[in-house]
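Just so you know, these numbers come straight off a predicted model, no measurement behind them.
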Amino acid sequence: MTPRIPKAELPAELKENMIKQLGTVPEPVEVGFNNPAVALANLEFGARVAEWDAADASLKSFAHMAVAAQVGCSWCLDIGYFQAQNQHLDLAKASQVPRWRESDVFTPLERDVMEYAEAMTNTPTTVTDELAASLLDRLGPAALVELTVFIAFANLATRTNTAHGITSQGYSDACEIPLAARSASSGAASGA
């Protein structure tokens with residue numbers, strides 16, 4: 001699919017850095033650069049989000065992928081799986097995120113984090129007091145605040161990409177285990 005907004009030319013240095021990091025320039029960045037101030041602010045905030053370390057990186061990766069699967073952002077699933085490989089996360093688990101409810105590879109905490117991510121993604125949100133209290137007890141306040149804002153940022157990215165018509169760029173093609181398809185009976189409420 002071609003993005004709904006044409007790609008803009010990036011500054012040479014940024015383009016070179018993206019190619020060094022990822023092998024190609026991400027389409028969301030190219031589309032975003034139609035408004036450089038917005039694109040740069042988004043890149044800066046994304047870099048800051050990546051520096052946070054109160055919550056476990058694998059939990060955040062699974063949460064982002066759960067949001068992407070629910071929203072239908074194939075670009076985010078693609079890059080998320082690629083990043084999971086580069087972060088040396090369990091790829092068998094990462095490949096099962098789109099069907100986490102049916103899979104038996106996740107711990108109870110990982111399941112609750114993905115449930116929380118989906119509950120935050122629902123419109124309106126469906127986070128329960130019980131789920132939040134359970135996560136607070138197991139993660140602590142700093143990690144839960146971080147996880148919550150991380151999931152909100154994932155929603156920003158996934159919804160922006162899908163609205164712009166941006167789809168998978170093939171980042172996950174380098175990975176050996178294919179992503180599982182999201183089942184129709186996932187139990188997640190669809191957003192409006």
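In summary, the side chains of Asn122 and Thr126 do present a donor paired with an acceptor at a separation below 3.5 Å, with no hydrogens or angles considered. Between the side chains of Gln83 and Ser61, not a single donor N or O lies within less than 3.5 Å of an accepting N or O. In this model, no donor atom of one side chain and acceptor atom of the other lie less than 3.5 Å apart for Trp75 and Glu27. No side-chain donor from either of Thr107 and Arg111 sits under 3.5 Å from a side-chain acceptor of the other.
Taking 4.5 Å as the limit, some side-chain heavy atom of Asn161 sits within range of a side-chain heavy atom of Cys76. At least one side-chain heavy atom of Val97 sits less than 4.5 Å from a side-chain heavy atom of Met114. Counting heavy atoms from C-beta on, the side chains of Ile79 and Leu22 come closer than 4.5 Å. Put simply, the side chain of Arg4 does not reach to within 4.5 Å of the side chain of His164, judged on heavy atoms. Using a 4.5 Å heavy-atom threshold, the side chains of Phe62 and Phe106 count as touching. Counting only heavy atoms from C-beta outward, the side chains of Pro26 and Met18 approach each other to under 4.5 Å. Side-chain contact check for Leu109 versus Leu139: some heavy-atom pair is nearer than 4.5 Å. When side chains are defined from C-beta on, Phe33 does not count as touching Lys7, because their heavy atoms never get closer than 4.5 Å.
Partners of Ala63 under the side-chain contact (heavy atoms from CB on, under 4.5 Å) rule, at least two apart in sequence or in another chain, are Val113, Ala117, Leu147, Ile151.
For the residue pair Ala132 and Leu144, the shortest heavy atom distance occurs at O-CD2, 3.7 Å. Nearest approach of Ala94 to Ala84, heavy atoms of both residues: CB-CB, 4.0 Å. Nearest heavy-atom pair, Asn155 versus Thr158, reported as atom, atom and distance to 0.1 Å: O-OG1, 3.2 Å. Glu115 approaches Leu131 most closely through the heavy-atom pair CG-CD2, 3.9 Å. The heavy-atom pair separating Ala69 from Leu77 by the smallest distance is CA-CD1, 4.0 Å. Residues Val127 and Met120 approach most closely at CG2-CG, 3.7 Å, considering heavy atoms.
Atom CD of Gln96 and atom CG of Asp90 lie 10.0 Å apart (nearest 0.5 Å). For the atom pair Phe45 CZ and Phe153 CZ, the distance stands at 6.0 Å (nearest 0.5 Å). In this structure, CG in Leu91 is found 12.0 Å from NZ in Lys93, a value given to the nearest 0.5 Å.
A salt bridge does not link Glu30 to Lys15: none of the charged side-chain nitrogens sits closer than 4.0 Å to a carboxylate oxygen.
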